[in-house]
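Just so it is clear: chains get the letters A, B, ... in the order the sequence lines come, proteins before strands, and each one is counted from 1.
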Amino acid sequence: MTEPVVDMRGISVEFPGVKALQEVDFRLFPGEVHALMGENGAGKSTLIKALTGVHRIAAGEVRYAGERVSFSAPAEAQAAGISTVYQEVNLCGNLTVAENILLGREPRKLGRIDGKAMRARAAELLARIGLHIDPGSVLESHPIAVQQLVAIARAVAVDARVLVLDEPTSSLDADEVAELFRIIRVLRDEGVAVLFVTHFLEQVYEISDRMTVLRNGRLVGEHMTAALSRIDLVSAMLGREMGVLEEIERRSGTPGEPLLVAEGLGRKGSVAPFDLEIRKGEVVGLAGLLGSGRTEVARLLFGADKADSGRLLVDGKQVRLTGPRAAIEAGVAFSSEDRKAEGIVADLSVRDNLILAMQAARGWARPVPRKLADELVAKYIELLDIRPADPDRAVGNLSGGNQQKVLLARWLVTQPKLLILDEPTRGIDVGAKAQIQKVVADLAAEGMAVLFISAELEEVVRVSDRVVVMRDRQKVAELDGEVGVDDVMALIAGGGDHGVDQGVEKAVAS
Amino acid sequence: MITPEVTATATAPGRPRGGLVNVPKRFLPVIATFVVFVATFGVGSVRYEGFASGQVMANLFIDNAFLIVLAVGMTFVILTGGIDLSVGSVVALSTMIAASALQAGWPAWLVVVTVLATGSALGLAMGWVIHRFGVQPFIVTLAGMFLARGLCFVISVESVSIKDPAFRELATGSIELPGGVTITYGVVIALVTVLAAVYVLHLTRFGRTVYAVGGSESSARLMGLATTRVKVGVYVISGFCSALGGLLFSLYMLSGYSLHAVGMELDAIAAVVVGGSLLSGGVGFVIGSVVGVLVLGTIQTLISFEGTLSSWWTKIVIGALLLAFIALQRIIVRRT
Ligand SMILES: Nc1ncnc2c1ncn2[C@@H]1O[C@H](COP(=O)(O)OP(=O)(O)OP(=O)(O)O)[C@@H](O)[C@H]1O
Ligand SMILES: [Mg+2]
């Protein structure tokens with residue numbers, strides 16, 4: 001066997017009050033795709049950051065290409081040939097797409113940046129991952145999935161020996177994932193070592209050759225992917241057998257009154273006018289490809305974008321959503337897909353984040369009694385299994401998946417009538433994902449209406465009573481909850497002829 | 001079949017929605033400032049005879065050359081999301097060092113080098129403390145402000161006039177432009193500084209990293225950019241610009257005095273903000289700051305033409321304008 005290109009031995013990383021990693025060994029070989037597996041908070045991102053010099057290592061040694069190294073900044077690791085996409089999009093939204101891809105290695109002419117060459121080069125790199133956007137556009141004008149692709153384009157733009165991808169696929173659709181995997185395979189065959197983190201087991205089995213499993217900051221084991229069954233992998237990650245995925249009970253009986261009715265609601269350049277009804281106690285799924293208009297629908301219903309046609313009724317009364325505030329007052333909550341930009345306050349503790357949301361919902365005149373607050377905080381920490389279960393920890397110090405749970409909890413405490421969830425399980429591990437789906441089902445059973453948006457079709461179909469399919473910024477179908485994933489898939493993909501689906505076809509699978 | 005292509009159309013911002021002019025949104029604040037400038041100048045031309053002359057325009061530059069240089073340095077700092085409160089005091093310190101060194105008989109070139117080196121070194125020290133100990137730039141530069149002002153008094157409490165022939169010649173010398181308009185050497189120096197700053201900010205890696213740090217420092221670090229160099233570097237640049245501004249100011253006043261340029265840091269910050277830069281960093285242009293200075297200068301000129309108005313009116317108008325601009329910024333930020 002060849003020498004490992006990365007060899008980490010006995011790595012420990014400590015944060016004040018937390019031992020994030022304890023004596024972890026990790027090897028990465030050239031020409032392999034290595035999956036790093038573990039629950040939320042297991043220490044995956046920490047291990048990556050220990051390798052690339054973001055976090056200081058308390059004990060242990062790192063060998064890179066046979067030599068002992070200790071990088072003190074990400075720039076050093078990058079210069080040595082380790083190219084990394086960190087969890088969450090870590091780019092500068094105020095700069096252009098081209099700059100974000102090439103910053104730090106721009107083409108230069110006589111010492112000055114050659115803007116034209118830069119945009120051309122960026123366009124080339126974007127085309128390589130199948131993304132066709134204007135390289136001169138400002139990054140933050142693009143949805144989060146596109147930003148994630150741009151981050152990947154940046155990482156593969158250099159000839160690296162090691163490519164590290166920390167949950168690069170969390171907001172991508174099947175097609176982009178396929179495209180990414182194609183690139184990963186090409187790089188792997190060229191001898192690049194790829195380290196890959198994801199919570200999607202299918203992806204792990206599709207792309208990886210070997211995997212390392214972490215649990216609670218400790219190494220559980222290193223396995224060849226082909227030799228480890230899914231069941232064994234999951235129990236290695238959880239440290240216990242995972243029960244069969246609890247079938248989510250379909251609520252029998254008809255759902256309640258219509259809570260929200262949209263009639264011909266639309267916005268030019270964003271979503272074509274659509275009708276939508278969401279009843280009390282009903283979970284409506286919204287499926288569609290990236291850029292199909294699913295997030296835009298949510299933004300219209302929440303008043304984040306203003307509709308320029310149609311009307312909206314909440315509880316039978318017509319409302320004019322002048323902005324998110326009006327929507328919140330009408331009882332609508334929207335957990336957005338971009339938690340970094342608009343979700344949580346990273347410097348505040350879990351408790352304060354929840355109290356802030358509660359307070360905003362109650363109005364400033366009625367303070368939240370301390371006891372009630374503590375109870376609710378404890379309840380949601382338990383319900384969503386936020387780890388560590390410490391209400392005083394700053395949210396910014398939680399692992400990515402646990403931050404996502406806090407964001408969800410923030411909206412749940414406000415007890416909305418309609419909860420719009422955009423990618424609520426993004427970056428969440430298998431166990432917690434099932435947990436969250438169950439919470440959603442329970443909330444609906446208690447009478448809350450939920451609009452559930454996810455790139456993951458299985459999930460949408462599993463939790464929803466009804467599935468609305470979007471394509472090309474139009475609503476193309478509405479299916480009842482008994483449909484299979486394949487039916488939805490077919491509708492999402494469409495026949496390729498865009499003219500046909502003018503009217504809303506009512507395709508109910510039998 | 002599904003095409004593996006994503007042609008994401010940006011949902012909202014970035015692109016103009018209809019309209020005749022095709023200006024990217026990020027230029028809007030600068031353009032707005034420019035419109036305000038033209039409008040104020042227009043008001044002056046209509047009200048007062050002789051206002052709309054080339055020389056009044058040139059005087060705008062002559063009287064504000066030092067402020068333009070300060071605003072340039074301040075723009076760098078504000079673009080990274082920092083602030084530099086020391087610039088006014090460094091200007092005073094520079095006039096003081098220049099005047100007393102010249103009095104002591106130092107050659108002019110050595111004086112210039114010393115002043116520039118002192119300003120840059122002070123900036124370096126502040127930048128290093130900000131970076132190394134993670135202290136708020138506000139606090140560190142406030143300390144720098146007291147320090148520089150204190151040093152002035154150590155040198156002399158009295159005003160020291162400059163009699164050096166080389167300096168005097170530079171100060172009184174003028175360049176005639178076509179149309180009989182004259183400008184001073186100070187204006188030339190200021191404009192060269194502006195050009196250099198535009199070049200550095202837009203065409204060098206350092207400059208782009210300034211914007212990146214202002215956009216998201218942690219991202220910039222994870223992207224492997226030289227954030228330390230930039231974070232410290234902008235204070236060096238600001239220190240250098242303050243010293244250069246101080247030299248121009250000593251040419252303008254032909255004296256060094258401990259109480260020169262009191263509160264000038266606020267003028268510089270105001271110019272930058274009026275010019276459309278966001279105090280939160282990452283957004284803004286040097287040109288905007290220059291126009292910002294011109295707006296402030298025009299208001300001052302208007303008031304002097306009015307004659308009867310007290311100069312306090314300048315402050316009131318500047319205050320109102322600042323508020324209006326911050327409101328405009330908020331609207332733009334919220335819509336993105
Ligand atoms: N900067 C920090 N300060 C304090 N604690 C931290 C910090 N970063 C991570 N931790 C803690 O270290 C542990 C491991 O976190 P890490 O981010 O590595 O998890 P992860 O495996 O990447 O999880 P996820 O799948 O949710 O991304 C967690 O308990 C987290 O709270
Ligand atoms: Mg992580």
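Around CZ of B:F138, the count of heavy atoms belonging to other residues, nucleotides or ligands within 6.0 Å does not exceed 12. Around the CZ atom of B:F34, the shell of radius 6.0 Å holds no more than 12 heavy atoms that belong to other residues, nucleotides or ligands. Residue A:R325 places its CZ atom among 12 or fewer non-hydrogen atoms of other residues, nucleotides or ligands, all under 6.0 Å distant. Residue-environment remark: CG (A:D308) exceeds the threshold of 12 foreign heavy atoms within 6.0 Å.
With B:S219 as reference, A:N90 is the one residue of A:N90, A:L95, A:N100 to meet the side chain to side chain contact (heavy atoms under 4.5 Å, CB included) rule.
Heavy-atom distances place no part of A:D114 under 4.5 Å from chain B, backbone and side chain included. A:L103 touches chain B through backbone and side chain together, each having a heavy atom under 4.5 Å away. With a 4.5 Å cut-off on non-hydrogen atoms, A:R108 touches chain B through its side chain but not through its backbone. For chain B, the nearby parts of A:E106 are the backbone and the side chain; heavy atoms of each come within less than 4.5 Å.
Looking at B:T204 and A:R112, their side chains never come closer than 4.5 Å, going by heavy atoms from C-beta outward.
When the heavy atoms of residues 222-230 of chain B are compared with those of chain A, the residues falling under 4.5 Å are B:L222, B:M223, B:G224, B:L225, listed by number.
No side-chain donor-acceptor contact under 3.5 Å links A:N94 to the backbone of B:V283. One N or O on the side chain of B:R205 and one on the backbone of A:G104 form a donor-acceptor pair closer than 3.5 Å.
To the nearest 0.5 Å, atoms OH (B:Y199) and CD1 (A:I113) are separated by 9.0 Å.
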